[in-house]
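Encoded as structure tokens, the structure appears first; notes follow it.
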Amino acid sequence: QKVNTECRFGMKINLEPYTKEGLENREKDENYVLEDASEYEYTLRGILVHNGTTTSGHYYSFIKDDRTNKWYQFNDDKISEFDENNIPEQCFGGYRLIQYKSNPRYIEKTFSAYMLFYSKDIKNTNILPDKMETEESKISAELLNNVYMENVQFLKEKYLFSSEYMDFIENLTMSHEIES
């Protein structure tokens, strides 16, 4: 039987209490609290959901775009924006309320989070120089032209020798009969 017991999880998690150092420090002093645990903080970035039973079902995912701070649902070939406030309803499992012949009933959800993806929070440290050395004026016109021409040549060869192009040419020539 597939377990759909409600299991809550946070948008952030601090793993310091579960590290070797954290366990050792709490073994020595059960009231131990690390003053700056930011090194161990992780943020939820993705959720893989299973909908179904142990013998059949379907997987889809929710993924956060860090550039826009928006969540998206990826379900086969459909991608749609997703409100992160719906994560508990869509991912925690448990029961949901339905109306059955005008009587409210709770039924077990068949969908719940199967796997969570967290990534480590990086402190805002300035690891890049104040001014990047990528200004076009610092790259010679000759070098830019050479790179451009190499890229054009690469793309020509990529498409010219691709199996899709060969299939296209074959279909094109076969569809036009040549008169003798």
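Residue pairs meeting the salt bridge (charged side-chain N to carboxylate O under 4.0 Å, His left out) criterion with at least one partner in residues 17-30, sequence neighbours excluded, are E16-R26. Legend: ring-ring contact (aromatic ring centres under 6.0 Å, His included) pairs involving residues 72-91, not counting sequence neighbours, sorted by first then second residue: F62-F82. For the salt bridge (charged side-chain N to carboxylate O under 4.0 Å, His left out) condition, the pairs that include at least one residue of residues 41-51, sequence neighbours left out, are R45-D66, R45-D121.
Using modelled atom types, no side-chain atom of K109 and backbone atom of E6 make a donor-acceptor pair closer than 3.5 Å. No donor-acceptor distance shorter than 3.5 angstrom exists from the side chain of N14 to the backbone of S38, with no hydrogens or angles considered.
Under the rule for a salt bridge (charged side-chain N to carboxylate O under 4.0 Å, His left out), the partners of D36 that lie at least two apart in sequence or sit in another chain are K123. Residues satisfying the side chain to side chain donor-acceptor pair (under 3.5 Å) test with N75, not counting sequence neighbours, are H58.
Here CD1 of I98 is found 7.0 Å from CZ of R105. Values are rounded to the nearest 0.5 Å. Rounded to the nearest 0.5 Å, atoms OH (Y60) and CG (L48) are 10.0 Å apart. Residue Y148 holds its OH atom at 15.5 Å from CG of L143, rounded to the nearest 0.5 Å. N51 contributes atom CG, which lies 9.5 Å from atom OG of S56 (distance to the nearest 0.5 angstrom).
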Could you pull out every donor-acceptor pair under 3.5 Å between side chains of residues 83-95 and any protein atom, sequence neighbours left out?
{"unit_1": "D83", "atom_1": "OD1", "unit_2": "N85", "atom_2": "N", "d": "2.9"}
{"unit_1": "D83", "atom_1": "OD1", "unit_2": "N85", "atom_2": "ND2", "d": "3.2"}

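Within 6.0 Å of atom OH in Y118, more than 12 heavy atoms from other residues, nucleotides or ligands are found, so the atom counts as buried in its surroundings.
Between H50 and Y59, the angle of the ring planes lies from 30° to 60°, which puts this pair in the tilted group.
Inter-residue side-chain proximity for L116 and L44 is flagged as met; some heavy-atom pair is nearer than 4.5 Å. In this structure, the side chains of E108 and R96 stay at 4.5 Å or more apart for every pair of heavy atoms.
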